[in-house]
Amino acid sequence: MTAALRISLFLLLMAVGLAGCAGVAIKPTDISQRYAALDRSALDSDRPSEMTLGFLKQRDLFEEWRANPEGLIARLDAKYREDPGPGTLLALMELTHLQARRLASQRGKAAAYDLSCALYAYLFLFDPKATPEKGLLATNTRLASEFHNRSLSRYLLFARRENIRFVQGRRLPLAVGSLELKERKSGLPFAPEDFSSFHLAFEYSVSGLDVSYSAPGLGAPLILVREARDGEEIRPEERFLSRIRQVLAATFFLRIETEPAPGESGAQVYGARIELYDPMRESTVRVGDAVVPLETDTTTPLAWMAAHAPSPQGIKGLMDPDALKDVQGLYMLQPYQKDKIPVVFVHGLISSPMTWLPMINGLMGDPKLRERYQFWYFSYPTGNPVFYSALTLRQSLEKARQTFDPDGTNPFFNDMIIVGHSMGGLLTKAMVQDSGEALWNSVSKVPAGELDVPPETRELVSRVFFFKPLPYVTEAVFIATPHRGSEMALGTIGQIGRALVTLPVKLAAMGGTLLKALAAHGKLPLESALTGIDALSPKNPMLVTSAGLPVAVPYHSIIGNEEAAGVKGGSDGVVPYWSSSMPGAVSELVVKSGHGAHEHPLVIQEVRRIMLEHADRSPAFSGAPRLASRQGG
């Protein structure tokens with residue numbers, strides 16, 4: 001090689017060495033792809049985030065992560081204890097999350113890494129040594145919450161599978177060290193031992209409800225199931241809960257001590273407390289000086305309850321009312337809460353309480369509403385006479401009053417709202433009217449006391465035909481309510497339905513006795529039947545009279561029109577506008593809808609508006625007492 005060639009080669013090699021980054025290039029890329037790369041984390045791929053990869057490469061740990069992930073996790077854990085920092089914690093929570101997924105077939109080991117991920121994410125959020133004061137745009141705060149919630153949820157699935165229960169002092173293995181359960185705190189209306197099973201809201205996808213209501217935060221949303229036990233004595237305050245099972249939403253929160261204690265062989269032990277919260281009562285939790293939102297889900301527990309409930313039996317309740325006598329009555333979705341206003345939902349003809357699920361889901365999903373209201377519903381067989389069903393509703397509400405507010409002094413109980421759909425609106429209206437003598441006079445020419453009927457029938461007459469407004473109901477909402485009847489009851493459908501209804505034997509016998517006595521005075525035709533369908537006839541004298549009686553509280557009308565919204569006319573396919581509109585309503589809304597208007601999103605929003613305004617006016621929240629001013633009938 002000549003001297004000139006050697007010099008040229010030397011200069012070339014120097015140029016290559018000095019160039020260093022000569023291989024670096026940049027090229028245009030789609031902005032969505034760039035964001036996808038920046039947003040990638042171990043949550044949605046099999047690789048850590050760019051930040052964690054950078055952390056590993058800067059410290060020459062990338063190859064060790066690929067060759068010995070468990071050893072690297074142990075090293076990083078030791079490094080964190082010596083020199084706490086958010087970068088180390090971010091790497092730890094991503095790598096433990098990935099390792100848990102890799103070890104999925106080894107459940108015990110995978111669970112230890114899941115619990116470790118939840119721990120490191122918690123430390124990332126709350127360990128004051130590692131995290132400076134956070135602002136609104138604190139880096140990776142939400143990412144850490146997601147790692148914590150998902151890993152905690154996976155650990156809970158493992159705990160359920162292995163039947164791991166809370167025992168004070170129990171130590172749960174981590175990737176490095178252990179976590180010791182020191183205490184359990186419950187904000188639930190029942191003791192944790194009372195629940196027969198739990199499910200994670202993340203285990204299910206919901207269909208049949210257009211909107212799912214959840215709130216981001218910290219913790220694992222649960223579905224808690226409390227099965228009724230045969231022979232179990234029912235306390236008075238629990239008589240309004242489901243006889244089969246109660247289903248409650250909850251949030252599992254794991255409070256971890258950020259400073260570990262030394263354990264055997266020098267392994268650190270983190271103390272922890274299990275906390276259970278009811279999202280109907282609590283939406284935040286305090287950790288140190290911070291108020292932290294809880295991760296909540298109210299829709300999935302509601303859907304789980306509906307999916308595991310007995311069949312709605314709407315048709316059976318019409319055709320054979322006696323078959324549903326054991327399940328009729330007033331029910332509460334959650335145990336009674338004395339500091340919340342009851343709102344009662346009453347379903348319509350050939351229906352059941354399940355028809356209210358979209359409405360209740362929308363209202364429960366609003367934090368302002370669930371903070372102020374509790375949700376009740378009335379179940380009844382719709383084949384019975386309407387005013388007899390109204391009597392049953394009145395008696396159920398009175399039992400609730402005697403149980404929860406016997407002195408009539410609770411301002412929350414005394415500010416009740418009732419919402420009725422279709423026939424349920426007629427029952428609702430009977431709670432806020434004074435019948436006087438008018439209802440009886442519409443069917444009889446003689447005073448009730450002079451009627452020649454047995455004492456039992458006379459007693460039923462006095463309770464069905466004579467009533468006063470309930471003093472604790474202060475507002476009513478009528479949705480697609482046939483105040484003046486529906487011609488459906490006069491047509492072929494009404495005739496067929498009437499022929500299929502079989503009234504309870506005792507009620508049918510008493511009704512027959514009453515009809516004969518009335519027919520003797522030439523007022524009510526002997527052939528008239530007292531079924532729920534008959535009550536909807538525009539020719540029914542009791543319905544006509546009821547439509548003319550004053551309503552004692554503010555009320556709202558929500559009406560369906562199949563053709564157009566906002567048009568005062570037409571029909572929802574079952575009830576015409578002229579029947580469902582009531583003069584004197586505080587508000588009236590006409591939506592484009594069929595008879596199932598109560599499921600319409602705009603109707604749900606309207607009921608939400610009514611309830612919020614009701615709460616704003618309520619003395620219960622202003623501190624001014626509202627005592628009963630009317631006497632119940």
Side-chain angles (χ1 to χ4, degrees), residues 118 121-122 125-126 141-142 144-146 148-150 152-153 156 166 181-195 198-202 212-226 237-238 241 246-257 272-305 332-343 360-376 404 410 412 608 611-612 615 618 620-621:
Y122 189 94
L125 294 167
F126 302 116
T141 296
R142 183 58 203 163
S145 300
E146 286 293 331
H148 177 83
N149 294 350
R150 295 193 195 186
L152 181 61
S153 297
L156 289 174
F166 172 80
L181 301 179
K182 290 188 170 182
E183 191 180 356
R184 183 177 64 189
K185 171 190 172 184
S186 174
L188 304 176
F190 301 109
E193 292 79 9
D194 285 350
F195 293 100
F198 77 87
H199 308 270
L200 274 79
F202 297 141
S212 290
Y213 291 92
S214 59
L218 211 60
L222 302 180
I223 304 166
L224 299 181
V225 182
R226 182 176 183 259
E237 61 270 23
E238 293 182 21
L241 298 175
Q246 292 97 49
V247 180
L248 272 69
T251 299
F252 183 102
F253 183 79
L254 188 65
R255 187 182 296 274
I256 303 173
E257 296 174 358
R273 182 170 79 176
I274 292 173
E275 298 177 3
L276 297 169
Y277 291 95
D278 180 353
M280 300 301 294
R281 302 167 188 257
E282 301 284 347
S283 59
T284 62
V285 63
R286 180 172 288 278
V287 181
D289 295 331
V291 176
V292 180
L294 290 166
E295 184 98 2
T296 61
D297 183 336
T298 55
T299 295
T300 307
L302 192 66
W304 195 99
M305 178 195 72
M332 302 174 182
L333 281 176
Q334 293 85 26
Y336 177 73
Q337 300 174 62
K338 64 181 180 181
D339 57 350
K340 293 184 180 180
I341 296 172
V343 53
I360 292 176
N361 177 52
L363 301 178
M364 282 180 57
D366 187 311
K368 292 182 180 179
L369 291 182
R370 67 172 182 257
E371 178 184 337
R372 301 177 181 186
Y373 290 95
Q374 53 190 310
F375 301 92
W376 303 359
F404 301 115
N410 185 325
F412 297 93
R608 175 185 180 273
M611 291 172 64
L612 286 174
S618 174
F621 295 108

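Because the structure is a prediction, the values reported are computed rather than measured. Along the sequence shown, residues are numbered consecutively beginning with 1.
Salt bridge present: Arg273 and Glu275 bring a charged side-chain N and a carboxylate O closer than 4.0 Å.
By the 4.5 Å heavy-atom criterion applied to side chains, Pro221 and Thr300 are not counted as neighbours. Two residues are said to be in side-chain contact when any heavy atoms from C-beta on lie closer than 4.5 Å; Leu222 and Leu276 meet this criterion. Residues Leu302 and Phe375 form no side-chain contact, since every pair of their non-hydrogen atoms from C-beta on lies 4.5 Å or further apart. Residues Leu363 and Tyr373 have side chains not in contact (no heavy-atom distance under 4.5 Å, counting atoms from C-beta outward). Side-chain contact between Arg281 and Pro189 is present, with at least one heavy-atom pair separated by less than 4.5 Å. In this structure, the side chains of Pro279 and Leu294 stay at 4.5 Å or more apart for every pair of heavy atoms. At a threshold of 4.5 Å between non-hydrogen side-chain atoms, the residues Lys340 and Met280 count as touching. Side chains of Arg255 and Val287 form a contact here, defined as non-hydrogen atoms less than 4.5 Å apart.
For the side-chain hydrogen bond (donor to acceptor under 3.5 Å, both in side chains) with Gln246, the lone residue among Arg226, Glu238, Gln334 that qualifies is Arg226. Put simply, the residue from Leu369, Ile341, Asp366 that forms a side-chain contact (heavy atoms from CB on, under 4.5 Å) with Met611 is Leu369.
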Verify side chain to side chain contact (heavy atoms under 4.5 Å, CB included) between Phe404 and Lys338, making sure each step is shown before the conclusion.
-> CA-CA 8 Å; Phe404 301 115; Lys338 64 181 180 181; over 6 Å; no
Trp304 vs Val247, side chain to side chain contact (heavy atoms under 4.5 Å, CB included): CA-CA, chis, key distance, verdict = CA-CA 8 Å; Trp304 195 99; Val247 180; 3.8 Å; yes
Under the salt bridge (Lys or Arg N to Asp or Glu O under 4.0 Å) criterion, do Glu295 and Arg150 qualify, and how do the steps go?
-> CA-CA 11 Å; Glu295 184 98 2; Arg150 295 193 195 186; over 6 Å; no
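Taking the six-membered ring where the residue is Trp, Phe190 and Phe195 present perpendicular rings, their angle passing 60° and hence far from 30°. In this pair, Phe412 and Phe621 present their aromatic rings perpendicular. The plane angle is above 60°, beyond the 30 to 60° band.
Of the possible polar contacts, none joining the Asp297 side chain to the Leu200 backbone as a donor-acceptor pair under 3.5 Å is found. A donor-acceptor distance shorter than 3.5 angstrom exists from the side chain of Asn149 to the backbone of Gly219, with no hydrogens or angles considered. Side-chain atoms of Glu282 do not come within 3.5 Å of backbone N or O of Tyr277 as any donor-acceptor pair.
In plain terms, the two heavy atoms of Lys368 and Arg372 that are nearest each other are O-CG, 3.3 Å. Taking each heavy atom of Asp278 and Gly187 in turn, the nearest pair found is CB-O, 3.9 Å. Residues Thr298 and Arg370 approach most closely at CG2-NH1, 3.9 Å, considering heavy atoms.
Rounding to the nearest 0.5 Å places OG1 of Thr299 at 3.5 Å from CG of Asn361. Within the model, atoms OH of Tyr336 and CH2 of Trp376 stand 6.0 Å from one another, a figure rounded to the nearest 0.5 Å. In this structure, the separation between CG on Leu125 and NE2 on His148 is 8.0 Å, given to the nearest 0.5 Å. Within the model, atoms NZ of Lys185 and CD1 of Ile274 stand 13.5 Å from one another, a figure rounded to the nearest 0.5 Å. A distance of 5.0 Å separates CD1 in Ile360 from CG in Leu333, rounded to the nearest 0.5 Å. In this structure, Leu156 CG and His199 NE2 are separated by 13.0 Å, a value rounded to the nearest 0.5 Å.
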